[in-house]
Peer 1: 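Input: one structure, supplied below.
Computed over heavy atoms, backbone and side chain alike; hydrogens, waters and symmetry mates excluded.
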Amino acid sequence: MSACVPARADSARTKHVHPPHSPPPGGSRRFRVAGADVSAAVAVFLIALPLSLGIALATGAPLQAGLVAAAVGGIVAGRIGGCPLQVSGPAAGLTVVTADLIQRYGWRTTCAITVLAGLAQLGLGCLRVARSALAVSPAIVHGMLAGIGVTIAVAQLHIVLGGTPQSSVPDNLVALPAQLANLHPADLAVSVLTLTLLLLWPRIPGRAGQVLGRLPAALIAVAGATAVAALTGLILPKVDLPSWSSHALAALPDGPVLGLVAAVLTTTLVCSVQSLLGAVAVDKLVAARPAQAGHVKRSDLDRELLGQGAANIVSGSLGGLPVAGVAVRSSANVAAGAVSRNSTMLHGVLVVIATLLLVPALELIPLASLAALVMAVGLKMVSLNHIRTVTRHREVLVYAVTTGGVVFLGVLEGVALGIAVAVGVALHRLTRTRITHHEAEGVHHVHVRGQLTFLAVPRLSRLLHQVPQGADAVVELDGSFMDHAAYETLQDWQKTHTAQGGSVDISGRRPGTRISEPAETEGCRCRPWTPWRNHQCDRPPAAPPPGTDRQATTGGPRGRSRSGPVGKGPGTASGTAAAETAVHKTTGGTTAPATGPSTPGAPGAPGTPGTPDGPARSARPAGGELARGISAFHRNTAPLMRRELARLAREGQQPSQLFLTCADSRVVTSMITSSGPGDLFVVRNVGNFVPLPGQESGDDSVAAAIEYAVDVLKVRSLTVCGHSGCGAMQALLGAGHAGPGDRGTPLQRWLRHGLPSLDRVHADADAGSDAADHTGSRPRPRPRLAGRGIADAAEQLCLANVVQQLEHLRAHASVARALRSGDLELHGMYFDVGEAQSYLLAQDAEGGVFELVPGIDLTA
């Protein structure tokens, strides 16, 4: 039982004890605001003030309504909402919806619709459906925002030119030539000055730009245009804030019921989707900040809906515009270093103070300047980056239809059109399957491109039966989905075709789309991890003749190669040929086939299917396999890993372990350690040797990697991993290393670093041997495996080699320093390839005992 939990929950002794791991109760808690929140609140307030007035102007609502919505969004949504750093208020995405409601029902009924939309949002939040709202295609959302942006820009263009906007985009476009012929120079000059300041202010070069760039461009643009208009005495329409005593509040809705219901649903949809997408975007911005910026909890989307609903109820009741999360203000809040919801709430308080104390200053702002600011915001909503994204994902039709529908029909109608087109595109992709058949060099290729459903089964069956009986066939599935009907059709045809003497190779681009060969043919069964391993399915080896010992040809019960007694048999020939043969056979070398003698028909023998020089390998060139694997990575894995790899590219590598292992192609470090990019600093060489300092024989790469990992990367652990069937160990047993005075080949010279491990094996203390090891120390007991005996001399040497290389590591100066300071741990590991089991070296066992990892209490 944990010491932090009382033995009895109802014990009288626990009633007056303060909670565990917390300070004792003290005085009353005082409200504190971090300095970063204060500075962020000021920055957001300076952006929100002109934008709120501009959006109110664009909707045709009273200008105070924008300030009310900004204050309520900051205080109410900021306090209740589930995204601490999202700033809510009047949003440009709601401009078209609100303007249409005001024209149809009037301002007071629009406020009532806002209240009802807030109640609907509260209901959705209680039903916890926030995640479902994110199921809407991004192409529809971006298309909706782009359509709203176009509508805003076209309407505000009339105010920029000194006129009055019409009720719809077509009417505004029709009236635009007349407006251009009758433009007002003063309004146009102020608008051009506003746009110029808005564009150039963030681009001021040098140190001055870094200092001045902290002021929001929107504030500078409006303030600059206002100052110029006041100093030059320009006569043009300006902000008019009537007395708060005459401010119109919400009234009972008046109008057709169906129209009001549609208005409430439209407002609810736009407010909710924009707020939820904004919350997700804020989470991404917060995650990209440096760690020292402070920890902020991820958004609770259902709570965010509740906060937005409460804010809309209050805003509508007080005569404010509808409220939603605003991307511009939220991104500014995150960039300014806000660490809690206090910044959002404080920005709302500053808006309240400004509406009470800054009314004379606000009434100096020209309407043309606010219109230019809102027009620029609308144009930014048509994002080229979004267009490139939807084009890359082949959803440009959905985007274009949604945008056009919003511009010419309305928001709700445009979104409905976009959803209909998105469903149609999805059904078209699901049913559009291309199946082709061609013959090349006697092999019949059937290529299926697209999703394989029951609708494509007739075409698939017709082309499959065009493959002649007894022919070699390859079926390539280039899709991510296959239903049961298509699976059964392929499986039945495959069984029939192979029974008639033919061969079938069915390959898929995704894991799970490969159909296994029938059990009697012992075909390859691809596993879920095979795509990233660049796995290629080849024909299985020919079955051994009747009466042949199966273990003799498959490597024994655990899959390890058995080459007979040490020093005998074809696998243990002495000299260079023996060393190179052993290494090529067991370490995955593919530059040349094994050169030593081999038994005909055994795995590794020339001409045997499945070997480097057999027909199965020659059917696929190595370069083709490489390109195919890279293509599969780009198509399947890269999209999932791109964000994490981009983070690693920015932050650099910070591995926690140095993993030193053999160059054997069967030892996949990321797989056997369940690690990902950036976790391991891996060093590989033949035999996982660590040369002693001063004995590198001209090769300092291992020592350099150790020094870099320990001194520069500051790894916390260092692991030496050996494995079963190691060709370097077999070569050492076969005297494949160079003698003391013999230069030999590079491989023979390298294998001399394994001589201390070989001497350690010969120093058998249990047998009472008097032989000393290579360094002249006393005899030591042999390392062993817990739970089973040693399979052969090669496995015994592998274990001893791990222990010996750990001793070599301790002799390196960087490792010795880190061990003395307690900053580094050394670990030994043995991986049995055939068993797919890992053994870790126990730290306190004499002679070295490698224990099976599942037997270790990992929770201790």
Side-chain angles (χ1 to χ4, degrees), residues 39-59 63 66-67 69-71 73-74 86-95 145 148-149 152-153 155-157 159-160 187 189-204 209-230 238-239 278 285 321 324-336 338 343-344 346-348 350-351 354-355 358 361-383:
S39 60
V42 173
V44 175
F45 159 72
L46 295 177
I47 297 174
L49 191 63
L51 281 177
S52 300
L53 292 172
I55 292 172
L57 174 67
T59 60
L63 295 183
L67 299 175
Q86 175 161 255
V87 181
S88 300
L94 296 167
T95 303
L145 295 177
I148 292 173
I152 292 173
Q156 297 308 299
L157 181 59
I159 302 179
V160 166
D187 295 87
V190 169
S191 300
V192 170
L193 177 61
T194 302
L195 293 175
T196 303
L197 290 174
L198 192 65
L199 180 65
L200 298 181
W201 186 259
R203 293 173 171 79
I204 298 177
Q210 296 178 357
V211 176
L212 297 177
R214 297 177 182 177
L215 294 175
L219 176 67
I220 296 300
V222 174
T226 302
V228 170
K238 298 180 181 178
V239 169
L285 293 175
L321 291 171
V326 187
V328 176
R329 280 164 256 183
S330 300
S331 58
N333 193 33
V334 175
S343 64
T344 303
L346 183 57
H347 127 269
L350 293 176
V351 172
T355 57
L358 299 180
L362 296 178
E363 290 183 337
L364 295 176
I365 301 176
L367 295 183
S369 177
L370 293 179
L373 175 63
V374 176
M375 185 179 71
V377 172
L379 292 176
K380 287 183 178 179
M381 294 173 69
V382 186
S383 171

Peer 1: If you take all heavy atoms of Val374 and Ile152, which pair is closest and at what distance?
Peer 2: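 Heavy atoms only, the tightest pair is CG1-CG2, 3.5 Å.
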Peer 1: Under a 4.5 Å cut-off applied to non-hydrogen side-chain atoms, are Leu199 and Leu195 in contact?
Peer 2: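 SC-SC contact between Leu199 and Leu195 ruled out.
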Peer 1: Side-chain contact, heavy-atom cut-off 4.5 Å: Ile204 with Leu200?
Peer 2: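 When only atoms from C-beta onward are counted, Leu200 and Ile204 do not touch, as no gap falls below 4.5 Å.
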Peer 1: Under the 3.5 angstrom rule, does the side chain of Trp201 hit a backbone N or O of Leu212 as a donor-acceptor pair?
Peer 2: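 Yes, the answer is positive, given that a donor and an acceptor are paired below the 3.5 Å cut-off.
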Peer 1: What are the two closest heavy atoms between Pro90 and Val326, and how far apart are they?
Peer 2: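 Smallest interatomic distance, heavy atoms only, reads O-CG2, 4.0 Å.
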Peer 1: Shortest non-hydrogen contact from Ser39 to Ala336?
Peer 2: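 Closest approach of Ser39 to Ala336: OG-O, 4.2 Å.
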Peer 1: Rounded to the nearest 0.5 Å, what's the gap from OG on Ser331 to CD1 on Ile47? Could you check?
Peer 2: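 Output value for this atom pair is 7.0 Å.
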Peer 1: Side chains of Leu219 and Leu49: does their closest heavy-atom pair fall under 4.5 Å?
Peer 2: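 Of all side-chain heavy-atom pairs linking Leu49 with Leu219, none is under 4.5 Å.
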Peer 1: Nearest 0.5 angstrom please: His347 NE2 to Leu46 CG, how far?
Peer 2: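 Spacing of NE2 (His347) from CG (Leu46) equals 10.5 Å.
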Peer 1: Side-chain contact, heavy-atom cut-off 4.5 Å: Arg329 with Ser52?
Peer 2: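 Touching, per the 4.5 Å side-chain cut-off.
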Peer 1: Can you see which heavy atom on Pro366 is nearest to which on Ala229, and at what distance?
Peer 2: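 Between these two residues, the closest heavy atoms are CG-CB, 4.0 Å.
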Peer 1: Does a side-chain heavy-atom distance below 4.5 Å link Val228 with Val190?
Peer 2: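 Heavy-atom side-chain distance check fails, nothing below 4.5 Å.
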Peer 1: Let me confirm one number: the OG1-CD1 distance from Thr194 to Ile220, rounded to the nearest 0.5 Å.
Peer 2: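 The distance works out to 12.0 Å.
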Peer 1: Check Ala225 against Leu197 and note the closest heavy-atom contact, atom names and distance.
Peer 2: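 Nearest heavy atoms, Ala225 then Leu197: N-CD1, 4.3 Å.
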Peer 1: Using modelled atom types only, decide if a donor and an acceptor are shared between the side chain of Thr59 and the backbone of Thr95 within a distance under 3.5 Å.
Peer 2: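 No, the answer is negative, given that no donor and acceptor are paired below the 3.5 Å cut-off.
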Peer 1: Between Met375 and Ile159, is any pair of side-chain heavy atoms under 4.5 Å apart?
Peer 2: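 Not in contact.
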Peer 1: Taking the side chain as every heavy atom from C-beta outward, state whether Leu370 and Val239 have any pair of such atoms under 4.5 Å apart.
Peer 2: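 With C-beta onward as the side chain, the pair touches.
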Peer 1: Please report the C-alpha distance between Leu94 and Leu321 in whole Å, then the side-chain angles of each, then the deciding distance to 0.1 Å, and finally whether the side-chain contact (heavy atoms from CB on, under 4.5 Å) criterion is met.
Peer 2: CA-CA 9 Å; Leu94 296 167; Leu321 291 171; over 6 Å; no
Peer 1: Find the distance between CG (Leu358) and CG (Leu364) and round it off to the nearest 0.5 Å.
Peer 2: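 Reported to 0.5 Å precision, the distance equals 11.0 Å.
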Peer 1: Let me confirm one number: the OG-CG distance from Ser369 to Leu198, rounded to the nearest 0.5 Å.
Peer 2: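 Answer rounded to 0.5 Å: 9.5 Å.
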Peer 1: Please report the shortest heavy-atom distance between Leu373 and Ala218, naming the atom on each side.
Peer 2: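 So the minimum-distance heavy-atom pair works out to CD1-CB, 3.8 Å.
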